[in-house]
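Following: one structure in structure tokens, then a few remarks.
Position 1 is the first residue of the sequence; numbering continues from there. Ligands are counted one by one from 1 in listed order, and the atoms in each one are counted from 1 as well.
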Amino acid sequence: MPALASVEMMLMELLRDIRVVLVQTVHSGNIGGVARAMKNMGLRDLWLVSPRQYPDPEASWRAAAASDVLDGATVVGTLAEAIAGCALVVGTSARERKIPWPIVEPRACARELLDVRAGGQPVAVVFGREDFGLNNEELQCCNLHVTIPSDPEYSSLNLAMAVQVMAYELRLEALAREGISTEVAWDQPLATADDLERLYVHFEATAIALGFLDPERPRQLMPRMRRLFGRSRMDVMELNVLRGMLAAMDDALQRKA
Ligand code: SAH
């Protein structure tokens, strides 16, 4: 049945390339557990940011028949490298933070991830350390936060279990889309994590030059601006307009000086 096979292919391709990023995992057994959870659900793209121990026999043992996903993991030094090029970055977190960020449930999150992925650009889901999760700086690199609605009495899941829940929701969503056209009608590619990072650096520098931002007392200006720009899902054209406007402000300041 060729038709069914090609639908299954499309589904597999969408899922396979969704990036799972683990930040500074402490227990290598969990990395193996994550590889298995991913492969069970058809995900293959594992990224490790400064893992304490990799490769490790404990990880291979826990990965069981998912050693291909485990061995194929990409190891990088920073989160920025792991999310470079991604048009949607979702951070997972069990608890609320000081500055609230747009939060979705796993099901809605899977929908958004597949929408953007279907548009052809990479997407990532980021998971934190076993002992203290993701820090604020890391969470502020994300467009969106997702919380698995666990019991508030004990809300923190084991890392591999959290990946399992997210991967399962992604698979359910992909299955629900079988046969449905995955085309997203947008005229421009979305800005990526690294495009946004450069915008933030430029924005901050110009705000300081203007005397609008006091570097001695930055307060929460940049986290708030990151939240604003991050949740807007701006495209590259919109981002270039902002960068162009900042550059014009820089020029005007220089002419005045
Ligand atoms: N003690 C840490 C939790 C670490 S659990 C904290 O309080 O933040 C390890 C990772 O599993 C988390 O960083 C997150 O990526 C994921 N995780 C665990 N429970 C989760 C939940 N309820 N919702 C979303 N992600 C969760």
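Between Glu173 and Arg117, none of the side-chain N atoms (NZ, or NE/NH1/NH2) sits under 4.0 Å from a carboxylate O, so this pair counts as no salt bridge. Arg177 and Asp115 are joined by a salt bridge, as a carboxylate oxygen and a charged side-chain nitrogen come within less than 4.0 angstrom of each other. In this structure, Glu204 does not pair ionically with Arg226, as no charged nitrogen and carboxylate oxygen lie closer than 4.0 Å. Under the 4.0 Å criterion applied to side-chain N and carboxylate O atoms, Arg243 and Asp195 are not assigned as salt-bridge partners. Under a 4.0 Å N-O distance rule, the pair Asp45/Arg16 does not qualify as a salt bridge. A salt bridge does not link Glu58 to Arg62: none of the charged nitrogens lies less than 4.0 Å from a carboxylate oxygen.
For ligand 1, the atoms closer than 4.0 angstrom to any heavy atom of Gly133 are 2 (C), 4 (C), 8 (O), 13 (O). Annotation for ligand 1: atoms under 4.0 Å from non-hydrogen atoms of Ser150 are 22 (N). Residue Val146 approaches ligand 1 through these ligand atoms, each under 4.0 Å from one of its heavy atoms: 24 (C). Atoms of ligand 1 found under 4.0 Å from any heavy atom of Ala94, numbered from 1 in the order shown, are 19 (N), 20 (C), 21 (C), 22 (N).
Side chains of Asp250 and Thr206: a donor on one and an acceptor on the other come within 3.5 Å. Side chains of Gln24 and Arg129: a donor-acceptor N/O pair is present below 3.5 angstrom, by distance only.
Rounded to the nearest 0.5 angstrom, Arg227 CZ and Leu144 CG are separated by 13.0 Å.
At a 3.5 angstrom cut-off on N or O pairs, Gly128 counts as close to ligand 1. Checking only distances, Thr147 never comes within under 3.5 Å of ligand 1, N or O to N or O. For ligand 1, the polar-atom distance check against Leu157 finds a nitrogen or oxygen pair separated by under 3.5 Å.
Within the structure, the closest approach of Val23 to ligand 1 does not fall below 4.0 Å when heavy atoms are considered.
Below 30°, between 30° and 60°, or above 60°: for Phe203 and Phe229 the angle between ring planes is above 60°, a perpendicular geometry.
Considering Thr92, Leu22, Ile83, Val90 in turn, Ile83 is the only one that fulfils the side-chain contact (heavy atoms from CB on, under 4.5 Å) rule with Val126.
For atom 16 (C) of ligand 1, the nearest protein heavy atom (residue, atom name, distance) is Ala162 CB, 3.6 Å. Nearest protein heavy-atom neighbour of atom 9 (C) of ligand 1: Arg129 O, 3.5 Å. Among all non-hydrogen protein atoms, the one lying nearest atom 14 (C) of ligand 1 is Thr92 OG1, 3.4 Å. With respect to atom 8 (O) of ligand 1, the closest heavy atom belonging to the protein is Arg95 NE, 3.0 Å. Looking only at heavy atoms of the protein, atom 1 (N) of ligand 1 is closest to Asp131 O, 3.3 Å.
Here atom 21 (C) of ligand 1 lies nearest to Ile148 when heavy atoms of Asn30, Leu22, Ile148 are compared. The closest non-hydrogen atom to atom 22 (N) of ligand 1, taken over Ser155, Pro152, Pro106, comes from Ser155.
Proximity of Asn158 to ligand 1, defined as any heavy-atom pair under 4.0 Å, is not found for any part of the residue. The parts of Ser156 lying near ligand 1 are both backbone and side chain, judged by heavy-atom distances below 4.0 Å. Neither the backbone nor the side chain of Pro149 has any atom closer than 4.0 Å to an atom of ligand 1 (non-hydrogen atoms only).
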